Number of protein chains: 2
Amino acid sequence: MCPISEHADNCLLCKAKRPGWFCNLSPQALAEYDAMSSHVMLPMGSILFTEGQPARSVSVVCEGRVKLTRSSRDGKTLLVKIAKPGDVLGLSAALAKTPYEVTAQAIEHAQIKTFQQSDFLHFIQRHVEGSLHAAESISKEYRSVLSDACRLALSSSIAGRVAHLLLELAVEGGTDMNAQPEIHLPFTHEDLASMLGSSRESVTRVLNNFRRTGVISIKGTRLKILRKDALEILL
Amino acid sequence: MCPISEHADNCLLCKAKRPGWFCNLSPQALAEYDAMSSHVMLPMGSILFTEGQPARSVSVVCEGRVKLTRSSRDGKTLLVKIAKPGDVLGLSAALAKTPYEVTAQAIEHAQIKTFQQSDFLHFIQRHVEGSLHAAESISKEYRSVLSDACRLALSSSIAGRVAHLLLELAVEGGTDMNAQPEIHLPFTHEDLASMLGSSRESVTRVLNNFRRTGVISIKGTRLKILRKDALEILL
DNA sequence: ATGCAATTGTGATGTGCGTCACAGTTGCAT
DNA sequence: ATGCAACTGTGACGCACATCACAATTGCAT
């Protein structure tokens, strides 16, 4: 049973540990919501949608991670976000009634719950709670992308951008920022470079520099920030 | 009289030529909306709010332009957007219930319509049309900032970024893209540099280069794109 | 006109980092 | 074990651009 409202325990949103998304609806709205959704499996590597495509669906990630990217003509790619369970895909396209603005690719075996865009829009037109959730969601996306833009524009040095990103990931990760936060970094240097608008080699060098100077430590996919202050002065 | 719904002609939103924002509401909702708003004059240069401040209001620009910026510790500034009549300020802060994420400063004598944040939130909780409008608005902001981020991350050369920005401004300006679009450019090179994460001198050089090679022409604040193709290959 | 501030133009200089090239490493599949 | 692919590490090199310094132009106030 979902801890928030009283619907059955087959709600993948609740299993997804981020029940905020349309789970605390009135039972009646919830029933409607469940009825119009369909459940889709995405094998690893499969592409859910591509930037520029007309948007026809809205989806919620239930399991696995989905990479959102945007590419330029000459093959460079910006990694916009790694969507995790509870994140919504295709929302801004639906609300602004425009084509998808990013490409979504499952980087793990993933499960999603999807809605026909028209059904979704119709739903939020009839349930304020729904449209408020939607508005709140993209607000957060907006802020996150704005931070990205600032990182790209304002930290001139690559070291600064890496520092900024690490601190942001640490806050987001929710570990205690006053101690030495530990981050789960499921990214290759290539990925990081793609988030930072930089090159793989530069990221490698900066990270090693940080490690050698005792600012961070890395064990496999766990990264620990040893000297937060050192990162902060680089911003 | 507002051409869209039947409220009195003192609606500054309608005068603001962007009546989409909460003007096509039911007459009853509209009355409520008008009642809770207050009208504020902003002298040129005055600051409406500052990044990091707790957000207490939502405003709609009626006249004049408002500069939205975000700064880094060392004094660099990213120009996020120039808000024009019809644009909304403080919306994402209200919806995400977070502090203001940018600083808003009137760069001309401006008039705005403002709401207490709590009033505004209460209003959209009771009127779906309102929350849908809100959702649509930040969706557009989101897409715009995403484009900015891409420009910053993907176009390695400054020339590429300038080209990208000019084309974007041209599309936004709504002139015929098949001919030679003319853009109103009310920005100093300093402003442009601040949007592009670059330096004033570089912008000057690129712009002059474009001019000398017959790609653009500039007369005062009007810029005409003579060879769109030349700009496009720089992306 | 005349002065002053803001904006724009342009050279010279140094450097950060993108790019290329290749060498280690890791980890997964069989 | 063994091979292969993906990832990481590191040197060398060159150039685009930030920075500095100052000159020229514009525009606005009086």
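Labels below follow one simple rule: chain letters A, B, ... track the order of the sequence lines, proteins then strands, and each chain is numbered from 1. These numbers come from a predicted model, not from an experiment.
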Peer 1: Is the CZ atom of A:R56 crowded by more than 12 outside heavy atoms at less than 6.0 Å?
Peer 2: no
Peer 1: Take atom CG of B:L196 and atom C1' of D:dA16, then tell me their distance rounded to the nearest Å.
Peer 2: 15 Å
Peer 1: Nucleotide by nucleotide, 5' to 3', does protein get under 4.0 Å of the base (B), only the sugar-phosphate (S), or neither (-) in nucleotides 24-30 of chain C, counting heavy atoms?
Peer 2: -------
Peer 1: Testing the basics here: between B:L95 and A:E136, what is the closest heavy-atom pair and its distance to 0.1 Å?
Peer 2: O-CG, 3.3 Å
Peer 1: Can you measure B:I158 atom CD1 to C:dG18 atom P for me and round it to whole angstrom units?
Peer 2: 13 Å
Peer 1: Give me the ring orientation class for B:F49 and B:Y100: parallel if the planes are under 30° apart, tilted from 30 to 60°, perpendicular past 60°.
Peer 2: parallel
Peer 1: Can you measure B:R161 atom CZ to D:dC17 atom P for me and round it to whole angstrom units?
Peer 2: 8 Å
Peer 1: Hey, mind stepping through A:V66 and A:D87 against side-chain contact (heavy atoms from CB on, under 4.5 Å) and telling me if it holds?
Peer 2: CA-CA 9 Å; A:V66 179; A:D87 287 324; over 6 Å; no
Peer 1: With a cut-off of less than 4.0 Å, is there a side-chain N or O of B:H189 near OP1 or OP2 of C:dG9?
Peer 2: yes
Peer 1: Side chains of A:S92 and A:E101: do they bring a donor and an acceptor to under 3.5 Å?
Peer 2: yes
Peer 1: Hey, what do you get for CG (B:L78) to CG (A:L152), rounding to the nearest 0.5 Å?
Peer 2: 9.5 Å
Peer 1: Please report, rounded to the nearest Å, how far the P atom of D:dA18 is from the CG atom of B:L192.
Peer 2: 14 Å
Peer 1: Would you work out how much the helix from C:dA1-D:dT30 to C:dT30-D:dA1 bends between its ends, with each end axis defined by five base pairs, to 10 degrees?
Peer 2: 50°
Peer 1: Is the shortest heavy-atom distance from the side chain of B:K224 to the side chain of B:E182 under 4.5 Å?
Peer 2: yes
Peer 1: In Å and rounded to the nearest 0.5 Å, what is the CD to CZ distance from A:E232 to B:R73?
Peer 2: 6.5 Å
Peer 1: Where along residues 198-229 of chain B does a heavy atom fall under 4.0 Å from DNA chain D?
Peer 2: B:S198, B:S199, B:E201, B:S202, B:R205
Peer 1: Rounded to whole angstrom units, what separation is found between the CD atom of A:E190 and the C1' atom of D:dG9?
Peer 2: 14 Å
Peer 1: Apply salt bridge (charged side-chain N to carboxylate O under 4.0 Å, His left out) to residues B:K76 and B:D74 and explain how you reach the verdict.
Peer 2: CA-CA 6 Å; B:K76 284 193 169 189; B:D74 63 334; 5.6 Å; no
Peer 1: Is there a side-chain contact between B:Q180 and B:K228 in this structure, where contact means two heavy atoms from C-beta onward sitting under 4.5 Å apart?
Peer 2: no
